[in-house]
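Have a look at the structure below before the remarks.
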Amino acid sequence: MKNLKPTKNLQINHDRLEKRLRDLAKIGQIEETGVCRLTLSKEDKEAVLQVEQWMKEAGLTTRIDSFGNLIGQWKGGDDTEPILLVGSHIDSQPYGGQFDGTIGVIGAIEAIQTMREQGFQPEKTIEVIAFSDEEGCRFDKGLFGSRGIIGQLEEGELDREDVDGITRRQALLDFGCNLEEMEQDVYPEGRIGSFLEMHIEQGPILDRLNQPVGLVTGISGPLWLTVELKGFAGHAGSVPMSYRQDALVATAEIITKLRELATEDPNAPTVATVGKIEAFPNSRNIIPENVRFTIDLRDIDMDRRRRIEKKLFEAIDEICERHQVTKTIRVDTESDARYCATEIMDDIRAAGKALFTEPLPEMMSGPFHDALAMSSICDYGMIFVRCKDGISHNPKESARYDDISLGTELLYRTMLLRSGAKKE
Ligand SMILES: [Zn+2]
């Protein structure tokens with residue numbers, strides 16, 4: 001695949017975009033290049049107020065809703081049409097990077113400002129959103145703002161506490177939110193027509209392909225399991241190998257089998273991980289009796305994922321039987337893949353075709369994004385921007401401003417198509 005390059009001058013303002021991203025990265029800065037901007041924190045509030053200022057400079061009418069989302073609106077020629085929502089998040093992990101989420105918000109504001117400067121007026125109302133608490137690290141549950149506006153918060157969510165015992169309710173109140181308004185801040189059914197999100201890839205594919213931007217085709221469906229194996233402890237020096245019921249050896253075989261299943265088709269984007277493992281009694285000279293470990297299996301093709309699941313469960317049965325260990329398997333999360341809307345992908349492809357020498361590379365997203373929540377109520381599309389070595393959720397996360405500009409130009413051109421914008 002040839003490296004795609006722009007065939008025209010960009011209309012978006014590269015310098016303004018870069019300056020805003022650099023300024024935003026100073027709020028909650030850690031180390032040279034990282035940020036810590038936990039949701040609803042003092043730093044988050046400062047960032048929200050700064051971004052609100054930029055929304056105003058772009059001519060948007062702003063508000064902060066009862067979930068802590070920052071929203072800027074540009075009324076279209078026909079406000080009765082379903083709106084185009086564009087954005088991402090500006091909260092971060094405690095040890096996070098400066099591009100995760102932020103480029104999707106600052107990029108959307110830049111696109112709006114460019115539309116105005118170029119004399120466009122949208123037919124559909126456009127709203128730019130910086131979602132509250134995408135990351136989920138402070139209250140251990142994310143996508144809060146996006147689930148909030150679509151009426152999908154769960155029972156008891158406001159009572160969740162952070163490490164200091166502060167509830168989400170209190171944090172929202174301290175942030176200045178009026179909790180009485182939550183019901184009216186849920187968008188009526190059908191009000192949001194489509195959602196667009198630009199995000200750094202958070203994976204290495206674009207970097208390996210040496211491509212600045214890509215089109216996302218869907219967000220893969222994760223299956224999260226917790227597996228517990230129970231064998232029998234014994235003296236490491238005396239129990240002969242053939243007598244053993246070693247839960248850790250069985251686990252090791254399952255891990256290797258999982259990898260084998262996930263790589264059966266080397267061209268498939270299937271990924272599988274055992275990321276956490278606890279052995280008991282965890283002693284040098286005792287045969288491990290209990291092992292608990294997690295499995296994270298993701299794929300964009302649900303049929304393929306289910307085939308792998310079936311083979312995995314069969315393999316676990318066989319391995320446990322052979323090692324004479326018993327098992328319990330708990331399903332923690334099971335989500336289907338969410339595909340991007342064909343119509344929106346076609347618009348992004350068309351915008352890409354007008355802008356670049358080559359067609360856009362296409363890929364799925366392994367990580368979740370706010371778009372995952374939005375996908376349950378409207379069509380959505382996503383643009384990925386290359387990040388260096390695929391590193392994210394780390395202060396070392398890095399993206400080139402030139403790539404972000406290309407992504408933003410692509411977003412801008414897609415927004416023109418999606419909003420029915422015309423020159424005045
Ligand atoms: Zn993100």
Side-chain angles (χ1 to χ4, degrees), residues 17 20-21 24-25 27-30 33-41 43-44 47-48 51 67-70 85-109 128-149 195-207 213-216 218-220 222 271 296 298 335 338 340 363-375 380-400 403-404 407-408 411:
L17 178 67
R20 284 178 180 165
L21 285 166
L24 183 55
I27 304 175
Q29 181 176 347
I30 53 169
T33 54
V35 288
C36 173
R37 229 168 20 235
L38 291 183
T39 189
L40 304 174
S41 63
E43 294 79 18
D44 190 26
V48 163
V51 173
F67 306 107
N69 297 310
L70 167 65
L85 187 68
V86 192
S88 192
H89 63 96
I90 60 169
D91 67 315
S92 85
Q93 291 282 329
Y95 193 62
Q98 52 178 288
F99 301 100
D100 177 358
T102 56
I103 67 162
V105 176
I106 305 303
I109 295 171
V128 176
I129 190 159
F131 285 112
S132 168
D133 195 3
E134 188 272 345
E135 298 288 0
C137 38
R138 183 169 173 194
F139 300 101
D140 225 3
K141 192 160 176 77
L143 305 182
F144 178 77
S146 44
R147 288 184 299 111
I149 63 163
F195 175 66
L196 286 177
E197 182 168 8
M198 176 170 74
H199 204 282
I200 54 166
E201 184 202 333
Q202 299 184 293
I205 297 175
L206 289 172
D207 201 19
V213 294
L215 166 68
V216 178
I219 300 176
S220 66
V271 284
D296 177 327
R298 304 185 194 204
S335 304
R338 297 285 193 166
C340 293
M363 58 205 296
M364 66 149 202
S365 172
F368 322 150
H369 298 286
D370 287 303
L372 181 70
M374 298 310 296
S375 73
Y380 83 101
M382 282 192 82
I383 294 168
F384 269 171
V385 172
R386 154 171 63 185
C387 62
K388 192 173 181 304
D389 302 324
I391 297 170
S392 186
H393 285 189
N394 186 317
K396 292 197 174 65
E397 174 187 286
S398 173
R400 291 183 203 159
D403 292 352
I404 300 169
T408 303
L411 181 69

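Whatever order the structure lists ligands and atoms in, that order sets their numbers, starting from 1. Counting begins at 1 with the first residue of the sequence.
Vertex the Zn ion (ligand 1); arms to H89 atom NE2 and H199 atom NE2; angle 110° (nearest 10°).
Using a 3.5 Å distance cut-off with no hydrogens or angles, the side chains of D370 and S146 do pair a donor with an acceptor.
By the side-chain contact (heavy atoms from CB on, under 4.5 Å) test, S392 pairs with D100, I200, Q202, E397, sequence neighbours left out.
Of all N, O or S atoms in D100, the one lying closest to the Zn ion (ligand 1) is OD1.
Coordination check, E135 versus the Zn ion (ligand 1): failed, since every N/O/S atom of the residue sits at 2.8 Å or beyond. Distances from the Zn ion (ligand 1) show that H369 has no N/O/S atom below 2.8 Å.
Formation of a donor-acceptor pair under 3.5 Å by the D389 side chain with backbone atoms of I391 is not found in this model.
Aromatic ring orientation, H369 versus F384: perpendicular (interplanar angle above 60°, classes split at 30° and 60°).
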